[in-house]
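For reference, the structure is listed below as structure tokens.
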Amino acid sequence: QVQLVESGGGLVQAGGSLRLSCAASGRTVSSNTMGWFRQAPGKEREFVAAISWSGGRTAYVDSVKGRFTISRDNAKNTVYLQMNSLKPEDTAVYYCAADATQRMRMQIGSRFYDYWGQGTQVTVSS
């Protein structure tokens, strides 16, 4: 069975940084697109970033461009989200997700992702 476990969330002041990690188990996701999503209270889950299996292609929601960086280490089956210059608006539960389907193009819709972690809380104070 595929398991995704996030870590690295916590409390941070505005302008600070955090690095989230997602440890994946199961060969079915080892070469697939991986993504990060977040959900704040009262809002729908939204796409944050995605990365292709090779790391050669990435995508970001406009609100985090220039501040967040997604990366992956396939040898460790781990995906990272480096978050810099954090803002209170970034406060949310962050979820790691895996697309189980081999695709020519990455997808940003949550419906395209089949496996999800339990989430890690990120709280940015001002």
Side-chain angles (χ1 to χ4, degrees):
Q1 297 295 316
V2 175
Q3 293 186 7
L4 303 175
V5 181
E6 303 97 335
S7 63
L11 299 172
V12 65
Q13 293 184 340
S17 299
L18 286 173
R19 188 181 73 162
L20 305 183
S21 298
C22 174
S25 62
R27 292 185 295 177
T28 56
V29 301
S30 63
S31 299
N32 293 347
T33 296
M34 301 290 293
W36 287 96
F37 293 75
R38 65 186 181 186
Q39 186 166 25
K43 295 185 178 181
E44 295 184 349
R45 186 172 299 181
E46 70 168 343
F47 169 82
V48 177
I51 186 168
S52 63
W53 74 269
S54 68
R57 292 178 294 161
T58 59
Y60 301 91
V61 65
D62 287 345
S63 61
V64 309
K65 288 182 178 178
R67 300 189 297 120
F68 291 10
T69 302
I70 187 171
S71 62
R72 68 190 300 169
D73 184 341
N74 289 338
K76 297 182 178 180
N77 289 321
T78 302
V79 180
Y80 305 95
L81 185 67
Q82 178 66 45
M83 305 185 295
N84 298 326
S85 301
L86 283 163
K87 304 175 180 179
E89 303 91 271
D90 296 317
T91 296
V93 177
Y94 283 70
Y95 297 90
C96 175
D99 181 358
T101 302
Q102 293 183 339
R103 308 180 191 275
M104 294 297 295
R105 305 179 188 277
M106 296 184 295
Q107 304 295 328
I108 66 171
S110 61
R111 66 187 179 92
F112 291 99
Y113 292 81
D114 302 280
Y115 306 107
W116 296 81
Q118 294 182 333
T120 185
Q121 177 71 47
V122 172
T123 302
V124 184
S125 65
S126 59

Check whether any side-chain heavy atom of [X] lies under 4.5 Å from a side-chain heavy atom of [Y], and answer yes or no.
| X | Y | answer |
| --- | --- | --- |
| L20 | M83 | yes |
| T33 | W53 | no |
| I70 | V79 | yes |

Could you pull out all residues at least two apart from [X] that satisfy salt bridge (charged side-chain N to carboxylate O under 4.0 Å, His left out)?
| X | value |
| --- | --- |
| R45 | none |
| K65 | D62 |
| E89 | none |

Q) Looking at residues at least two apart in the chain, or sitting in another chain, which of them share a side chain to side chain contact (heavy atoms under 4.5 Å, CB included) with S125? A)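 Here the qualifying residues are Q13.
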Q) Does S7 have any side chain to side chain contact (heavy atoms under 4.5 Å, CB included) partners at least two apart in sequence or in another chain, and if so, which? A)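 With neighbours one apart ignored, the set is S21.
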Q: Report yes or no: do I108 and W36 belong to one cluster of Ile/Leu/Val/Met/Phe/Trp/Tyr joined by side chain heavy-atom distances under 4.5 Å?
A: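 Shared cluster, yes.
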Q: Please check if M106 and V61 belong to a single hydrophobic cluster, counting links between Ile, Leu, Val, Met, Phe, Trp and Tyr side chain heavy atoms closer than 4.5 Å.
A: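 Not linked; separate clusters.
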Value rounded to 0.5 Å, distance of [atom1] in [X] from [atom2] in [Y]:
| X | Y | atom1 | atom2 | answer |
| --- | --- | --- | --- | --- |
| W116 | S110 | CH2 | OG | 5.0 Å |
| F68 | T58 | CZ | OG1 | 14.0 Å |
| M34 | N77 | CE | CG | 9.0 Å |
| T123 | D90 | OG1 | CG | 11.0 Å |

Q: Keeping the roles fixed (side chain from T69, backbone from Q82), state whether a donor-acceptor pair exists under 3.5 Å.
A: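 It does not hold such a pair.
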**Q.** Inter- and intrachain pairs under ring-ring contact (aromatic ring centres under 6.0 Å, His included), touching residues 80-113, at least two apart
**A.**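 Every ring-ring contact (aromatic ring centres under 6.0 Å, His included) pair that includes a residue of residues 80-113, provided the two are not neighbours, is F37-Y113.
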Q: Would you please test L81 and V48 for side-chain contact (heavy atoms from CB on, under 4.5 Å) and show each step?
A: CA-CA 10 Å; L81 185 67; V48 177; 4.3 Å; yes
Q) Can you tell me if CD on Q118 sees more than 12 non-hydrogen neighbours from other groups inside 6.0 Å? A)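 Incorrect, the count does not exceed 12.
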Closest approach of [X] and [Y], non-hydrogen atoms and distance?
| X | Y | answer |
| --- | --- | --- |
| R67 | L86 | NH1-CA, 3.9 Å |
| A24 | L4 | CB-CD2, 3.5 Å |
| N84 | S17 | OD1-OG, 2.9 Å |
| N32 | R72 | O-NH1, 2.7 Å |
| T101 | D114 | N-OD2, 4.2 Å |
| A92 | R38 | CB-CB, 3.8 Å |

Q. Looking only at side chains, do T78 and D73 share a donor and an acceptor under 3.5 Å apart?
A.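 No donor-acceptor contact under 3.5 Å links the two side chains.
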